[in-house]
Structures are given as C-alpha cells and as structure tokens.
Amino acid sequence: MANGQWYPPEWPVRIRALAEGTLTPVTPRRAATVMLLKDTASGPAVHMLRRRASMAFAAGAYAYPGGGVDPRDDDHQVGWAGPPRAWWADRLGVDEDAAQAIVCAAVRETYEEAGVLLAGPAADSVVGDTTGPDWEADRAALVARELSFAEFLDRRGLVLRSDLLGAWTRWITPEFEERRYDTWFFVAALPEGQRTRNASTEADRTVWIRPAQAAASYDKGELLMMPPTIATLRQLSEYGGAAEALAAAPARDLTPVLARARLEGDEIVLSWPGHDEFTKHIPTGGAPA
C-alpha cells in the first residue's frame with residue numbers, strides 16, 4: 001500500500017456488478033460528521049478516532065466523530081440558537097426538516113462519540129464541563145436511542161448552538177458500496193471548558209493531531225483513512241487556527257462528491273471528481289493499482 005487509502009477488497013467485484021447492471025445501488029442514509037478543532041502552540045489540531053478492527057465498515061480507519069441521522073433529529077421541539085432552519089436549508093441544499101436533522105445529528109454525534117456538546121443555556125453561552133455520572137447517563141441514553149436529542153436538550157434547559165458549526169463539504173458513499181451515507185462534514189472549535197474523550201464504542205483510540213501531520217502519516221501508509229477524511233485534512237492544513245477555518249466555511253462549495261466507475265478497455269477506472277489522488281485502475285482480473 002503506497003499510502004493509507006482505505007480500499008475494501010470486495011469493491012472490484014461490486015464495481016463490475018454495477019457496470020454490468022446486476023447490482024442495484026442502495027439509497028444513502030443521511031449523516032453528519034464534525035471536524036473538531038483546537039488551537040495549539042504549533043497550530044490547530046483536529047480530533048480523530050480510529051475505528052475498531054471489528055467494525056464492518058472502514059475498520060481500522062481514522063475518522064471524525066459522526067454518524068447517521070436519528071429519525072427524531074427533525075423534531076420541531078429542538079431548542080435552537082444561531083442561523084435559523086431556513087438559512088441552514090439553503091446552505092445544505094435540503095428542506096428545513098432535513099436541515100435541522102443534519103445539524104442535530106452533527107451536534108448529537110459529537111456529544112455521543114467525543115463527549116463534546118455544542119449547546120448552551122442561552123444563545124450566547126456554551127455548557128462547560130460535561131463529565132460526571134449524570135451527564136454520562138444522558139449520553140448513554142442518547143446512544144441507546146432511549147432519549148431523543150430534543151428531550152435531552154429540554155431536560156437540561158439547553159439550546160443547540162448551530163452558529164458554532166460551519167458546513168465544510170459533502171460526500172456521498174459510492175453507488176457500489178453496500179453501506180452508503182450522504183454525509184455533510186462540519187467544522188467546529190472545541191468549546192472552552194470542555195474536553196474530548198473516547199466515548200464511542202466504535203473506536204479503540206482517539207487523538208488530537210495537526211492536519212498536516214495526519215496527512216503526512218497517511219502518505220507514509222501509517223494511518224488508514226477514507227478519501228473524504230484525507231481530503232478534508234489537506235484542506236484544513238491551509239489554516240492557521242480554528243477561527244480562521246470557521247471563517248472560511250461559509251464560502252465552501254457543498255456540491256456532493258460522488259465516486260465514479262467507468263470501463264476503459266480491460267480495466268475499471270474508479271475516480272472521485274476533483275480529487276485525482278484517489279483514482280484507482282482496476283484490471284478486470286486483478287487488484288487495483
């Protein structure tokens with residue numbers, strides 16, 4: 001492996017089946033993930049987790065906290081601060097219910113997997129320390145879907161701080177993948193007084209790392225990542241601080257990135273538009289090059 005690009009061994013077979021018309025793509029599930037940043041003496045660092053080797057999808061790969069939308073994430077009772085739902089609908093390219101669900105998923109999943117909560121008692125405040133038995137009980141109930149995010153916020157007297165998020169990019173899992181997600185990537189700064197922890201049952205390690213350092217480790221084949229993860233790390237490497245990255249978010253293009261597979265002679269060419277480094281050439285009877 002020349003670098004750390006995640007590449008499932010079953011993809012060539014599935015790509016050929018898609019090209020031959022014998023594979024029907026599944027509908028992607030809406031999802032959200034958050035690139036949580038904090039400033040350090042050597043520049044901004046991003047919070048990443050390593051997916052457990054036992055995971056069915058992207059095992060061993062480094063990623064950001066995130067996950068699928070809970071059907072209750074579009075509950076209109078969600079306490080809300082920051083840009084209104086209509087603004088987010090326009091920014092994300094969806095209707096207002098879907099926009100709320102995606103933003104809620106981003107905040108909820110960050111709390112579930114990293115213990116960081118982008119919410120506060122008022123529109124101009126953020127909760128501080130979120131550790132302790134009572135917080136952990138609520139977090140576990142969210143993970144188990146015994147408690148909706150709207151109920152959690154209401155119980156705590158909190159409002160979701162949508163203004164603390166910046167929509168960064170959108171990637172859709174290739175049509176030939178069995179588990180598909182339509183994922184919006186957000187950027188956010190670690191709130192003062194809070195700290196991350198490995199709260200996810202899906203991760204065996206978490207780390208704060210400078211984006212350029214993570215990208216260099218990927219290039220050496222030391223860190224395994226999916227294309228959207230390394231692509232966003234390279235983009236984040238351009239910024240000198242968390243505030244600078246957040247300020248750049250509103251101008252980011254959210255046109256979905258979707259991998260394409262085409263037949264060229266005796267090989268299949270797999271590519272991600274706008275990201276030439278991920279292109280793979282797959283011989284009809286061999287492994288990708």
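What you see below is based on every heavy atom in this structure, not just the backbone, and it leaves out hydrogens, waters and symmetry mates.
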### Message
As a quick check of understanding, evaluate side-chain contact (heavy atoms from CB on, under 4.5 Å) for R252 and T169, giving each step before the final call.
### Response
CA-CA 7 Å; R252 295 278 309 171; T169 191; 4.3 Å; yes
### Task
Treating Ile, Leu, Val, Met, Phe, Trp and Tyr as nodes and any side-chain heavy-atom pair under 4.5 angstrom as an edge, say whether I172 and F185 lie in one connected cluster.
no
### Message
Membership question, hydrophobic clusters at under 4.5 Å side-chain separation (ILVMFWY): are W87 and W80 in the same one?
### Response
yes
#### Entry: Non-hydrogen side-chain atoms of D74 and E96 separated by less than 4.5 Å
no
### Query
Do L37 and V34 share a hydrophobic cluster (ILVMFWY, side-chain heavy atoms under 4.5 Å, transitive)?
no
### Query
Minimum heavy-atom separation for R14 to E177, with atom names?
NH2-C, 4.0 Å
### Task
Locate the shortest heavy-atom distance separating L118 from V107; write the atom from each residue and the value.
O-CG1, 3.8 Å
#### Entry: Aromatic ring proximity Y111/F152, centre distance under 6.0 Å
yes
## Note on the structure
CZ (F278) and CE (M226) are apart, to the nearest 0.5 Å, by 11.5 Å
### Task
Evaluate side-chain contact (heavy atoms from CB on, under 4.5 Å) for L147 paired with R155, printing each intermediate quantity in order.
CA-CA 10 Å; L147 182 68; R155 175 187 296 182; 3.6 Å; yes
### Message
Go through it in stages, so that I can follow the logic: the residues are R29 and V69, the test is side-chain contact (heavy atoms from CB on, under 4.5 Å), and I'd like the CA-CA distance, side-chain angles, deciding distance and then a yes or no.
### Response
CA-CA 8 Å; R29 180 185 176 190; V69 166; 5.7 Å; no
### Task
List the steps, then state whether ring pair (Phe, Tyr, Trp, His ring centres under 6.0 Å) holds for Y239 with W168.
CA-CA 13 Å; Y239 299 94; W168 192 263; 5.7 Å; yes
## Note on the structure
One should read off an interatomic distance between L236 CG and M35 CE, to the nearest 0.5 angstrom, of 4.5 Å
### Task
Measure the acute angle between the ring planes of W171 and H275, then classify it against the limits of 30° and 60° as parallel, tilted or perpendicular.
tilted
### Query
Is the closest side-chain heavy-atom distance between E109 and P65 below 4.5 Å?
no
### Query
Is a side-chain donor or acceptor of Q100 paired with a backbone partner of R85 at a separation under 3.5 angstrom?
no
### Summary
When T110, V46, L49 are each screened for side chain to side chain contact (heavy atoms under 4.5 Å, CB included) with Y64, the one that passes is V46
### Query
Is there a side-chain contact between T173 and R179 (heavy atoms, below 4.5 Å)?
no
### Message
Keeping S162 on the side-chain end and A81 on the backbone end, is there a donor-acceptor pair under 3.5 Å?
### Response
yes
## Note on the structure
Rounded to the nearest 0.5 Å, the NZ atom of K38 sits from the OG1 atom of T196 at a distance of 6.0 Å
### Task
Any chance you could measure L23, atom CG, to I15, atom CD1, to the nearest 0.5 Å?
10.0 Å
### Message
In the structure I gave you, are the side-chain heavy atoms of E151 and D154 within less than 4.5 Å of one another anywhere?
### Response
no
### Query
Mind checking whether D134 and R156 have side chains closer than 4.5 Å, heavy atoms only?
yes
### Message
How long is the straight-line distance from OG1 of T40 back to CD1 of I209, given to the nearest 0.5 Å?
### Response
11.5 Å
### Query
With distance as the sole criterion, is a donor-acceptor pair present between the side chains of T229 and Y218 under 3.5 Å?
no
### Message
Within the 4.5 Å heavy-atom criterion, are R180 and E175 side-chain neighbours or not?
### Response
yes
### Message
Looking at E192, I'd like to know if its CD atom is crowded, meaning that more than 12 non-hydrogen atoms belonging to other residues, nucleotides or ligands lie closer than 6.0 Å.
### Response
no
### Message
Could you tell me if the side chain of L258 sits less than 4.5 Å from the side chain of P273, heavy atoms only?
### Response
no
### Task
Report whether V159 and V127 are members of the same hydrophobic cluster (ILVMFWY, side-chain heavy atoms less than 4.5 Å apart, transitive linking).
no
### Query
Could you walk me through whether L223 and M48 pass the side-chain contact (heavy atoms from CB on, under 4.5 Å) check?
CA-CA 11 Å; L223 296 185; M48 304 189 75; 5.9 Å; no
### Query
Among R30, R108, R145, which residue meets the salt bridge (Lys or Arg N to Asp or Glu O under 4.0 Å) test with D73?
R108
### Message
Starting from L153, can I reach V143 by hopping between I/L/V/M/F/W/Y residues whose side chains sit under 4.5 Å apart?
### Response
no
## Note on the structure
CZ of R197 to OG1 of T206, rounded to nearest 0.5 Å, is 10.5 Å
### Query
More than 12 non-hydrogen atoms from neighbouring residues, nucleotides or ligands closer than 6.0 Å to CD on Q77, yes or no?
no
### Task
Determine whether P12 and I268 make a side-chain contact, defined as any pair of heavy atoms from C-beta on separated by less than 4.5 Å.
no
## Note on the structure
Shortest non-hydrogen pair, W208 vs A45, comes out as CZ3-O, 3.4 Å
